[in-house]
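A short worksheet on the structure shown next.
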Amino acid sequence: MEEKQRSTEKQTKDLIKELQQELSGQRERAADVEKLLLSDDHLHLLQSFSSISSAPPTKDWTQVRVHQRTHEGSVVKAVAQLEETISKEVKKLLKVVLRRIQQFAVDVTLDPDTAHPDLILSDDEKRVYDSDVRKNLPDNPQRFDPCVCVFAKQSFSSGRFYFEVQVKGKTEWTLGVTRETSKRKGDITLSPEEGYWTVVLRNVDEYKAYDDSVVTLSLESKPEKVGVFVDYEEGLVSFYDVDAAALIFSFTGCSFTHKLLPYFSPELNYGGTNSAPLIISAVSHSA
C-alpha cells in the first residue's frame, strides 16, 4: 500500500510538472503574439505569423486520471484558458496581417490575348468562365491551349502586390502567379520549378497547393474570396481566405528572376456544374 501510494504521488508530481511546463510555454507563445500585434514591421509580422499560428497543439489532458485531482484540475483549467486566449490573439493577428497586406492592392485585369479560346471574359476584363464552346481566335504564341487559363495584363518585377478573386459557387479553380516566360502551349505542370506558384480547388472540396510536391490543405471553411499576396524580393507568395481572415498556404524562399503575372483558371465548365466565373474583386480593407 505504501509503495502504491508513493508511486501515485510521484505520478501526480510528474504530471503537475509537465502541466506547468506546458503552461509556461503557452504563456511565452501568448507574449510572442502580443509583441507581433504591436509591431510596425510588416515583413517581420508576415514571416513570424506562420511559425506562431502553426505551433504544435497542447496535450489533451482531459483523458489523464490521477488520484490527486486538485492541483491537476487547476492547471488544466489554466492551460485551457490560455489556449482560448491564444486562439483569439492569433485570429486577431491574422486580421492585422490581412489589413496590412491589403495596402499593397493593385488593379488587375485579364489579358484576352492569353485566354484559351473556350474562355469568356467580361467587357471590363474582371470576370472569366469556361463556356464549353471554342471560339475561332488567332492562335498567337501568348494564348493558352489546351489549358483553360488566362494571365493578367499587369506584370511585376519588384516590390509587393496583392489582389483578390471571388471563387464563390465554383467546384474547381486554380489561382496564383507565374513567370512571364512560363509555358503556355501543351500540358502544363503546376510547380515552382516550372514557374507556377498556385493553389487549387478540385472535386468540390479538395484544396491543394502545388509546391515541389502536392500539398493537401485542410481548411476550416470553404473560401469564397481568395487573396493572393507576393513579396518579390523576399520570395513570398501567400494565399488567404479573405472573409475568414485565414492563411491558406504560403510559398516561402522562392527565387524570382523574371516578371511575375497573376494567373487564373476557372477550370472546365463540366456541363454547367462549374459555370460560375472567377471575379477579380475590388479590395475592401478587412475590419
Seminar exercise, completed: OG (Ser238) and CD1 (Ile248) are apart, to the nearest 0.5 Å, by 10.5 Å
For this session: Go through the side-chain N and O atoms of Glu233 and Ser158 and say whether any donor and acceptor fall under 3.5 Å apart.
Result: no
Problem set entry | Option from Phe151, Phe251, Tyr263, Tyr210 for which ring pair (Phe, Tyr, Trp, His ring centres under 6.0 Å) with Tyr196 holds | Tyr263
Problem set entry | ILVMFWY network linking Phe239 to Leu98, side-chain heavy atoms under 4.5 angstrom | no
Problem set entry | Rounded distance (nearest 0.5 Å) linking atom CZ of Arg184 with atom CZ of Phe144 | 6.0 Å
Residues 127-143, side-chain donor-acceptor partners within the protein, below 3.5 Å, at least two apart:
from: Asp130; atom 1: OD2; to: Asn269; atom 2: N; distance (Å): 2.8
from: Ser131; atom 1: OG; to: Asp118; atom 2: O; distance (Å): 2.7
from: Ser131; atom 1: OG; to: Val133; atom 2: N; distance (Å): 3.1
from: Ser131; atom 1: OG; to: Val133; atom 2: O; distance (Å): 2.9
from: Arg134; atom 1: NH2; to: Asp145; atom 2: OD2; distance (Å): 2.6
from: Lys135; atom 1: NZ; to: Pro117; atom 2: O; distance (Å): 2.9
from: Lys135; atom 1: NZ; to: Leu119; atom 2: O; distance (Å): 2.4
from: Asp139; atom 1: OD1; to: Lys185; atom 2: NZ; distance (Å): 2.6
from: Asn140; atom 1: OD1; to: Gln142; atom 2: N; distance (Å): 3.0
from: Asn140; atom 1: OD1; to: Arg143; atom 2: N; distance (Å): 2.8
from: Asn140; atom 1: ND2; to: Asp113; atom 2: O; distance (Å): 3.4
from: Arg143; atom 1: NE; to: Pro138; atom 2: O; distance (Å): 2.9
from: Arg143; atom 1: NH1; to: Pro112; atom 2: O; distance (Å): 3.1
from: Arg143; atom 1: NH1; to: Ala115; atom 2: O; distance (Å): 2.7

Exercise. Below 6.0 angstrom between ring centroids: does that apply to Tyr232 and Phe156?
Worked result: no
Problem set entry | Between Glu206 and Thr216: side-chain donor-acceptor atoms closer than 3.5 Å | no
Seminar exercise, completed: Rounded to the nearest 0.5 Å, the CG atom of Asp243 sits from the OG atom of Ser221 at a distance of 8.5 Å
For this session: Please identify each residue that fulfils salt bridge (Lys or Arg N to Asp or Glu O under 4.0 Å) with Lys126, with sequence neighbours left out.
Result: Asp107
Exercise. Would you call Val165 and Trp173 a side-chain contact if the rule is heavy atoms closer than 4.5 Å?
Worked result: no
Exercise. Are Leu247 and Val242 connected in the hydrophobic side-chain network, where two residues link if heavy atoms are under 4.5 Å apart?
Worked result: yes
Exercise. Side chains of Thr114 and Leu261: closer than 4.5 Å at any heavy-atom pair?
Worked result: no
